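Data first, discussion second: the structure below is written as structure tokens.
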Amino acid sequence: MKIATWNVNSIRTRQEQVLGWLQTNPVDILCLQETKVTDQQFPRVPFEDLGYHLSISGQKAYNGVAIFSRQPLEDVTVGFAAILDPNTVQTFDEQKRVIAGTLDGIRIINLYVPNGASVGSEKYIYKLSWLKLLKEYLQKTLEQTPNICVCGDFNIALEDRDIHDPKGRENHIMASEAERQALTEILDLGLADAFRKFNTESGQFSWWDYRAASFPRNKGWRIDHHYLSSSLYDKAKSCIIDKTPRTLEKPSDHTPVIVEL
DNA sequence: ATGGCTAACCCGGTTAGA
């Protein structure tokens, strides 16, 4: 089974690129982030015509996640409230960042982790609070389902080798100690980075800033991940970053990452 | 160098991304 994750930065703007990519890369599962569209306005038909089932959770202008699957998913849920106390997480679920579904006994959890704006800002505090809830959400999920694949745009580079230029990173969003600590605590539940099973080199990224010619200079970050529970991690066959879509005209600033289980 | 680039929104300037 191939599971891809791709922050498309607007599904309506990227519709043709996503369709083209799926024709060349007919993955079993495609997890999308930053669809930036309400469910009513989501361009479902072209993807359904390609043979995909769509599970979507979006909102106007911001955020939004979706899972495309060749086979229908079971037990699709959106938001933290599917697992956690709705009264506690209600305000967090207003931002559409979490969708999950099951295929062949594997629980696939697709995430768009908050960006955090800048270290110490209100949005940064929100990001850390969100990650704390994510830990509880995944802990309870693992109690129900041992086989999980948690993927998406984490907006965190866990190690310096995941950043083109790590100097000064302690005050940089996506690399600060508190963010890394929050993610490490989540991984300590029993999850491991599929990409690093196969590739230990630096210089391999999934996101490049639109500005300052970051992509041609390969000044990027690796912030899009697949985290697998132990039995899936042991079985993983490959995990690759496909830079091709980032070379196109009007690309997303992220590019797809694909794990094969 | 707090720049630079892109997208949505409501209509050219703001908010957000990372």
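Reminder, nothing fancy here: chain letters follow the sequence lines and each chain counts from 1. Just so it is clear, the model here is predicted, and its values are computed rather than measured. Because only heavy atoms are used, hydrogens play no part in the values below, and waters and symmetry mates are left out as well, while side chains stay in.
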Checklist entry - Quick one: A/Tyr126 OH to B/dT15 P, roughly how many Å, whole number? => result 19 Å
Checklist entry - When you compare B/dC11 with B/dC5, how far apart are their P atoms, in angstrom units rounded to a whole number? => result 27 Å
Item to check | Distance test, side-chain N/O of A/His254 to OP1/OP2 of B/dG17, below 4.0 Å | outcome: no
Checklist entry - Atom NE2 of A/His164 and atom P of B/dA18: how far apart are they, to the nearest Å? => result 15 Å
Next on the checklist: Strictly under 4.0 angstrom, non-hydrogen atoms only: write out the protein contact profile of nucleotides 1-11 of chain B, one letter per nucleotide from the 5' end, B, S or -.
Outcome noted: ---BBSSSSS-
Checklist outcome for this item: salt bridge (Lys or Arg N to Asp or Glu O under 4.0 Å) filter on A/Glu159, not counting sequence neighbours, yields A/Arg161
Item to check | Inter-nucleotide P distance (B/dT2, B/dA8), Å rounded | outcome: 29 Å
Item to check | Exceeds 12 heavy-atom contacts within 6.0 angstrom, atom CD of A/Glu143 | outcome: yes
Checklist entry - Applying salt bridge (Lys or Arg N to Asp or Glu O under 4.0 Å), which residue pairs with at least one partner in residues 171-187 of chain A are found, sequence neighbours left out? => result A/Lys127-A/Glu179, A/Lys135-A/Glu185, A/Asp160-A/Arg180, A/Arg169-A/Glu177
Item to check | Pairwise salt bridge (Lys or Arg N to Asp or Glu O under 4.0 Å) hits with a residue in residues 198-213 of chain A, at least two apart | outcome: A/Asp209-A/Arg211
Item to check | Rounded distance in Å between the P positions of B/dG4 and B/dT14 | outcome: 15 Å
Result block: side-chain N/O donor-acceptor pairs under 3.5 angstrom for residues 65-75 of chain A, not counting sequence neighbours:
{"residue": "A/Ser69", "atom": "OG", "partner": "A/Gln71", "partner atom": "O", "Å": "2.7"}
{"residue": "A/Arg70", "atom": "NH2", "partner": "A/Tyr52", "partner atom": "OH", "Å": "3.4"}

Next on the checklist: Under 4.0 Å, heavy atom to any atom of DNA chain B: which of residues 111-120 of chain A qualify?
Outcome noted: A/Tyr112, A/Asn115
Next on the checklist: Work out how far the C1' atom of B/dC10 is from that of B/dT15, and round it to whole angstrom.
Outcome noted: 13 Å
Next on the checklist: Could you work out, with side-chain hydrogen bond (donor to acceptor under 3.5 Å, both in side chains) as the rule, every residue matching A/Thr77, not counting sequence neighbours?
Outcome noted: A/Arg107
Checklist entry - Taking DNA chain B as the partner, which of residues 152-163 of chain A come within under 4.0 angstrom of it by heavy atom? => result A/Asp153, A/Asn155
Checklist entry - When rounded to the nearest Å, what value does the distance between C1' atoms of B/dG3 and B/dA18 take? => result 15 Å
Checklist outcome for this item: salt bridge (Lys or Arg N to Asp or Glu O under 4.0 Å) pairs touching residues 9-27 of chain A, sequence neighbours excluded, are none
Checklist entry - Could you give all pairs that pass the salt bridge (Lys or Arg N to Asp or Glu O under 4.0 Å) test and reach residues 218-234 of chain A, with sequence neighbours left out? => result A/Asp162-A/Arg222, A/Asp193-A/Arg222
Checklist outcome for this item: Applying ring pair (Phe, Tyr, Trp, His ring centres under 6.0 Å) to A/Tyr227 and not counting sequence neighbours gives A/Phe154, A/His225
Which side-chain N or O atoms in residues 18-28 of chain A pair as donor and acceptor under 3.5 Å with protein atoms at least two apart or in another chain?
{"residue": "A/Trp21", "atom": "NE1", "partner": "A/Asp242", "partner atom": "OD2", "Å": "2.8"}
{"residue": "A/Thr24", "atom": "OG1", "partner": "A/Gly20", "partner atom": "O", "Å": "3.2"}
{"residue": "A/Asn25", "atom": "ND2", "partner": "A/Trp21", "partner atom": "O", "Å": "3.0"}
{"residue": "A/Asp28", "atom": "OD2", "partner": "A/Lys2", "partner atom": "N", "Å": "2.8"}

Next on the checklist: Students often get this wrong, so: under 4.0 angstrom with heavy atoms, is A/Trp207 touching a base, only sugar-phosphate, or nothing?
Outcome noted: sugar-phosphate
Checklist outcome for this item: Heavy-atom nearest pair, A/Gln95 first then A/Asn63, reads CB-ND2, 3.7 Å
Next on the checklist: Does A/Asn63 reach a base, just sugar-phosphate, or nothing at all? Heavy atoms under 4.0 Å.
Outcome noted: nothing
